[in-house]
Number of protein chains: 2
Amino acid sequence: MNNKESENTETEILNAAKEVFLQKGMAGARMQEIADKANINKALLHYYYRSKQLLFEAVFKSAFKLLAPQLNRVLNDDTDLFEKIRKFTENYVAFVIKHPYLPNFVIQELSKNPDFIQKLRAEKNFPTIDKFKIQVNEAIDKGIIKPIEAEQLFINIISLNIFPFIGEPLLMALVNMDKESYKKLLKKRKTEVSEFIINSIKI
Amino acid sequence: MNNKESENTETEILNAAKEVFLQKGMAGARMQEIADKANINKALLHYYYRSKQLLFEAVFKSAFKLLAPQLNRVLNDDTDLFEKIRKFTENYVAFVIKHPYLPNFVIQELSKNPDFIQKLRAEKNFPTIDKFKIQVNEAIDKGIIKPIEAEQLFINIISLNIFPFIGEPLLMALVNMDKESYKKLLKKRKTEVSEFIINSIKI
DNA sequence: ATCTGATTTAACTATTTGGTTAACAAATTT
DNA sequence: AAATTTGTTAACCAAATAGTTAAATCAGAT
């Protein structure tokens, strides 16, 4: 058996599955569509991944593996707090342009199946807030930033960065912009968001 | 035919449909489950609402009608900018506690079917940003707040308020909190978020 | 060359699911 | 009260869909 080819089929399936699951979610995805996209027979899906559920879990874990380093960039990185916020914000836009459906997919499926987070927690590199917490408290002690709970600050950073993408269709309509203008607005946020945050916390 | 009873059945169906659609989305919802929850025969669903699609649209519009006033509270209200941000933030938490799945549902279904927003736009009371824009620009001219695009500020306000609920399962795991602590954290945000925003923009 | 195990396919199955039908019941009109 | 309209149900149908089976093919080992 050609190992390269079989590996190819397996990743071919995973890629096709990613495409379909990320766009349509677990409930909306169809095994036939995944098979078609991978140019294989539907039975092969079940040969490599026993069931829709297992294929979904493989996709989900793989998606989270891409997202985790992004989150770690703000949580577990040693650079200066302000610089970190700037870099994270700048990078996040580029990341979402590359994987437009990914954050929405992860959040959506988690909110339909909250227990699933436990399976992710077990994986290594699951982001934790401990380091960030220390850094924020140090900055407060040094008088660099105003007092704020690290958790609240973290949630603010994440919210300001992720939501404009997840809420795109709604926000686009509310601010009354077409796709192109909205994309421009998002790009501006690369710098605007970090300044907004830093303005708020710096002394 | 008893008009009260038939009205009851119709709203009974709509309520059951809301429950199911909001939790499981269009793709995940089952007509049978809705019928069971409404204590009626599945055929009655089709008697009142011809198809799943039409029932879904009724639910979606009804959901948006609840959300729109919340958004209008920050967009089309005459009170002072800072006061408005404070009131909106405070009210929004209460609103989401009452309708936990609603914002997520609206955003999720819109991102799976972006064209749907057009149907909402036609409805009266669809929120628009015009008034808010004028107010922000006036505040900038008067030297009350730093220069910022009204659209960016609006997106920031909405993001900081909505995302912590939508991303709850993920955020809860990242900040390493149990449900109870996270709920407390969310309640604190009633005041924290508005201060965070105002801190950032005030001169 | 042939055997062996992995890969792939076509055809099939069982179940789920949205939707329909036809008959019955209850209310309203005449 | 007879006729008509509206509301409700049980039984059914057809399409969609996840999953299975059994046979065929392919690559490497013997």
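Here is how names work: the chains are called A, B, and so on, in the same order as the sequence lines, proteins then strands, and each is numbered from 1. The shown structure was predicted, so the numbers you read here are calculated from the model rather than taken from an experiment.
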Q: Assign A29(A) to base, sugar-phosphate, or nothing according to its heavy-atom contacts below 4.0 angstrom with the strands shown.
A: sugar-phosphate

Q: Is it the case that over 12 heavy atoms from other parts of the model lie below 6.0 angstrom from the OH atom of Y101(A)?
A: no

Q: To the nearest Å, give me how far apart CZ (R30(A)) and C1' (dA16(D)) are.
A: 8 Å

Q: What is the distance, to the nearest angstrom, from the CD1 atom on I13(B) to the P atom on dG19(C)?
A: 14 Å

Q: Rounded to whole angstrom units, what separation is found between the CG atom of L44(B) and the P atom of dG19(C)?
A: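 Distance check: L44(B) CG to dG19(C) P gives 15 Å.
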
Q: Check every atom of dG18(C), dG19(D), dT9(C) against the side chain of A43(A) and return the nucleotide holding the closest atom.
A: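 That would be dT9(C).
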
Q: Is the shortest distance from a Lys or Arg side-chain nitrogen in E168(B) or K183(B) to a carboxylate oxygen in the other one below 4.0 Å?
A: yes

Q: Between the side-chain atoms of K52(A) and the base atoms of dG19(D), is any donor-acceptor pair under 3.5 Å?
A: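 Check fails, no donor-acceptor contact within cut-off.
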
Q: Taking OP1 and OP2 of dT8(C), is either one under 4.0 Å from a side-chain nitrogen or oxygen of T9(A)?
A: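 Yes, because at least one side-chain N or O of T9(A) sits under 4.0 Å from OP1 or OP2 of dT8(C).
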
Q: N41(B) CG to dA23(C) P: how many Å, rounded?
A: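 So the two atoms are 16 Å apart, to the nearest Å.
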
Q: Where each residue is assigned the nucleotide of DNA chain D containing its nearest heavy atom, which of N39(B) and K42(B) is assigned the position nearer the 5′ end?
A: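 Taking each residue's closest nucleotide, the earlier one in sequence belongs to N39(B).
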
Q: Please report, rounded to the nearest Å, how far the P atom of dT17(C) is from the NZ atom of K24(B).
A: 10 Å

Q: To the nearest Å, how far apart are Q53(A) CD and dG19(D) P?
A: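 My rounded result for the distance is 9 Å.
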
Q: Are the side chain of T89(A) and the backbone N or O of I85(A) linked by a donor-acceptor pair below 3.5 Å?
A: yes

Q: Look at the side chain of H46(B) and decide which nucleotide, out of dG19(C), dT9(D), dT17(C), has an atom nearest to it.
A: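 Nearest to the side-chain atoms of H46(B), counting from C-beta on, is dG19(C).
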
Q: Under 4.0 Å from OP1 or OP2 of dT20(D): is there any side-chain N or O of Y47(A) that close?
A: no

Q: In whole Å, what is the span from the CD atom of E10(B) to the C1' atom of dT6(D)?
A: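 These atoms are roughly 13 Å apart.
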
Q: Can a donor-acceptor pair be found, under 3.5 Å and without considering hydrogens, that links the side chain of K37(B) to the backbone of E19(B)?
A: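 No, the answer is negative, given that no donor and acceptor are paired below the 3.5 Å cut-off.
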
Q: Can you measure R50(B) atom CZ to dT20(C) atom P for me and round it to whole angstrom units?
A: 7 Å

Q: Between K133(B) and E149(B), is there a side-chain N and carboxylate O pair less than 4.0 Å apart?
A: no

